[in-house]
Asker: 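I am attaching a structure below and will ask some questions about it afterwards.
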Amino acid sequence: MSVLLVLEESGGKIKRASWEALAAAQKLAAPHEIAAVVIGAETGAPAAEAAAKGVGRVVRVEHPLLARYTADGFCAALHQLIQNENPAYVVFPHTYQVRDYAPALACKFGEVFIGDVTAIEDGSTFTRQLMQGRLTGTYRHSGDGPCFVSVQAGAFRLEAADARQAAPAPIAAFRPNIDAAQIRTRPGEAFRAASQTVDLGSAQRIVGVGRGIQSAENLPLVQALAEALSAELAASRPICDNGWLPMERQVGSSGHTVAPRLYLAVGISGAIQHLVGIKGSQCVVAINKDPDAPIFEIADYGIVADLFEVVPALIEALKAAKA
Ligand SMILES: Cc1cc2nc3c(=O)[nH]c(=O)nc-3n(C[C@H](O)[C@H](O)[C@H](O)COP(=O)(O)OP(=O)(O)OC[C@H]3O[C@@H](n4cnc5c(N)ncnc54)[C@H](O)[C@@H]3O)c2cc1C
C-alpha cells in the first residue's frame with residue numbers, strides 16, 4: 001500500500017497545512033510508504049525540504065506549464081502520476097487550491113473526494129463535520145481506485161509530522177505530458193496579501209475577542225492583552241461583521257481555522273460556528289461573565305468574571321512577570 005501526499009508550497013516553501021496532512025497520512029492503515037509529491041516548473045527547494053521529513057520518497061512533478069497553478073494543469077499532471085503509481089490513498093491539505101482541483105481529479109478515477117477530514121480512526125475511517133459542525137459523519141472508502149482525502153487545517157498536530165530523518169529521502173522526477181490546449185484558464189496575477197495580513201493559521205498564541213467587548217472603542221484593551229502575550233488578535237463573527245476588526249481576523253466556520261498552543265477567548269459565548277474554528281487549539285482559556293456560556297464546555301481553564309476587570313489585571317500581571 002502506498003500513500004501519495006500532495007504538498008502545497010508558496011514561494012518555494014512548503015505550507016504548514018501540508019505537514020499537518022503528513023501527520024494525517026501517518027495515521028493511515030499500515031504498512032504503507034508515504035511518497036511526498038511536489039508540483040511546479042522547478043521544484044528543487046520544496047523537494048529538498050520534503051526529503052528531510054518523515055517520508056519514504058519524494059516525487060518532483062515538473063513541467064513548464066505547471067509554473068503557475070491551474071486546475072487543468074494540476075489535474076492532468078496528477079492524473080498521470082496516480083495512474084503510474086496506483087496508490088491506495090492520495091492525501092492533500094484542505095486548501096483553497098485543493099478544493100478547486102481535487103474533486104475533479106477524484107472524478108477522473110470514478111472516486112469521491114472525502115474533503116476536510118478532521119480525524120482518522122482505525123487507519124481507514126474518516127471523520128468530517130456536517131451542517132456547520134452540528135453533526136459529524138464517518139466515511140470509509142469503498143471504491144476500487146485510490147481514496148482521495150483532504151485534511152482540515154489544525155485537525156492533525158504538526159509536531160507529529162516533524163520527525164526529521166537521519167538521511168534525506170530519495171527524490172525522483174516525473175515529467176507529465178501536458179499540452180497547452182488542455183489548460184482552459186489563463187492565470188492572472190498571483191494574489192498578494194497586504195503586508196499587514198495576519199496568518200492566524202500559524203499563530204502560536206491567539207486572543208479571540210467577542211461581543212462581550214461591547215464596542216469598538218474597547219478593543220484597545222484586548223489589543224494590549226494580545227501584545228502582552230505576544231499573541232495575534234482574532235475575533236468572533238459579530239466583531240468582524242460590525243467592521244470593528246477586519247474579516248481576516250474572524251475565526252470559525254466562515255472564518256479561519258486555527259490551531260495555536262493557547263487560545264484565550266474573551267467575551268465569546270462559544271457558538272458552534274466559533275468552536276469549529278478553534279478546536280485544534282492545544283489549550284483554550286475563556287473569560288466570560290456567564291457561568292453557563294457554552295465556551296466553558298470546551299475550555300481547559302475558565303474565568304467566570306467581567307472581562308473589564310480581569311483583562312487589565314492580566315495585562316498588569318504579564319507586564320510584571322516580564323519586568
Ligand atoms: C452560517 C453561519 C456561520 C457563522 N460563522 C461564524 C464564524 O465563522 N465565527 C463566529 O464566531 N461566529 C459565526 N457565526 C455566528 C455564531 O452563530 C455566533 O452568533 C457568534 O459566534 C457569537 O459571537 P460572540 O460569542 O462574540 O457573541 P455572543 O454570542 O453575543 O456572546 C457574547 C458573550 O460575551 C459575554 N459577555 C458579555 N459581557 C461580558 C463581560 N463584560 N465580561 C465577560 N463576558 C461578557 C456574554 O456572557 C456572552 O457569552 C455564524 C453563524 C452562522 C449562522
Side-chain angles (χ1 to χ4, degrees), residues 17 94-96 99 115-116 118 128-137 152-155 193 197-203 205-226 228-229 231-260 262-281 283-318:
H94 193 71
T95 61
Y96 287 116
R99 279 176 236 196
D116 216 8
T118 56
R128 48 189 305 275
Q129 294 174 332
L130 305 167
M131 303 182 72
Q132 297 283 354
R134 285 191 176 82
L135 300 174
T136 53
Q152 188 177 90
T197 292
V198 59
D199 182 9
L200 288 180
S202 304
R205 293 178 201 163
I206 296 177
V207 173
V209 59
R211 200 145 46 180
I213 198 69
Q214 293 174 4
S215 73
E217 286 68 46
N218 294 329
L219 280 176
L221 183 63
V222 278
Q223 263 152 355
L225 177 60
L229 272 170
E232 288 290 352
L233 187 63
S236 66
R237 180 164 164 171
I239 302 298
C240 301
D241 281 353
N242 283 338
W244 299 353
L245 284 173
M247 297 304 286
E248 63 182 10
R249 299 214 177 245
Q250 182 179 318
V251 167
S253 60
S254 48
H256 290 283
T257 303
V258 297
L262 171 69
Y263 187 83
L264 176 49
V266 181
I268 291 179
S269 60
I272 186 68
Q273 293 89 358
H274 191 80
L275 299 186
V276 294
I278 66 168
K279 66 178 175 32
S281 308
C283 178
V284 174
V285 180
I287 304 171
N288 197 306
K289 67 180 184 184
D290 175 5
D292 297 322
I295 190 82
F296 289 129
E297 288 169 24
I298 60 109
D300 298 283
Y301 299 95
I303 305 170
V304 181
D306 187 329
L307 72 90
F308 294 102
E309 290 171 14
V310 172
V311 173
L314 269 177
I315 295 168
E316 284 313 309
L318 286 161

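Note that the coordinates shown come from a computational prediction; the quantities given were computed from them, not determined experimentally. Ligands are counted one by one from 1 in listed order, and the atoms in each one are counted from 1 as well.
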Asker: Out of all atoms in ligand 1, which are within 4.0 Å of some heavy atom of F308? Include the element for each.
Answerer: 41 (N)
Asker: At less than 4.0 angstrom from any non-hydrogen atom of S254, what atoms of ligand 1 do you find?
Answerer: 3 (C), 4 (C), 5 (N), 6 (C), 7 (C), 8 (O)
Asker: Side chains of I268 and R211: does their closest heavy-atom pair fall under 4.5 Å?
Answerer: no
Asker: Is there side-chain contact between I298 and K279, with heavy atoms separated by less than 4.5 Å?
Answerer: no
Asker: Hey, are the side chains of L221 and L307 touching, using non-hydrogen atoms and a 4.5 Å cut-off?
Answerer: yes
Asker: Closer than 4.0 angstrom: is that true for some heavy atom of P238 and an atom of ligand 1?
Answerer: yes
Asker: Go through ligand 1 atom by atom and flag the ones less than 4.0 Å from a non-hydrogen atom of A305.
Answerer: 42 (N), 43 (C)
Asker: Check for a donor-acceptor pair, side chain of N288 on one end and backbone N or O of D290 on the other, with a separation under 3.5 Å.
Answerer: yes
Asker: For G252, take its heavy atoms, then give the atoms of ligand 1 lying under 4.0 Å from any of them.
Answerer: 7 (C), 8 (O), 9 (N)
Asker: Do any heavy atoms of A235 fall under 4.0 Å from ligand 1?
Answerer: no
Asker: For ligand 1, which atoms have a heavy atom of A271 less than 4.0 angstrom away?
Answerer: 16 (C), 17 (O), 18 (C), 21 (O)
Asker: G210 heavy atoms, cut-off 4.0 Å: which ligand 1 atoms fall inside?
Answerer: 26 (O)
Asker: State the atoms of ligand 1, each with its element, that fall below the 4.0 Å cut-off from a heavy-atom position in D290.
Answerer: 47 (O)
Asker: Counting from 1, what ligand 1 atoms have a heavy atom of D306 closer than 4.0 Å?
Answerer: 40 (C), 41 (N), 42 (N)
Asker: Test your reading of the model: is there a side-chain donor-acceptor pair from R128 to the backbone of G115, 3.5 Å cut-off?
Answerer: yes
Asker: Check each heavy atom of I295 against ligand 1 and say whether those closer than 4.0 Å belong to the side chain, the backbone, both or neither.
Answerer: neither
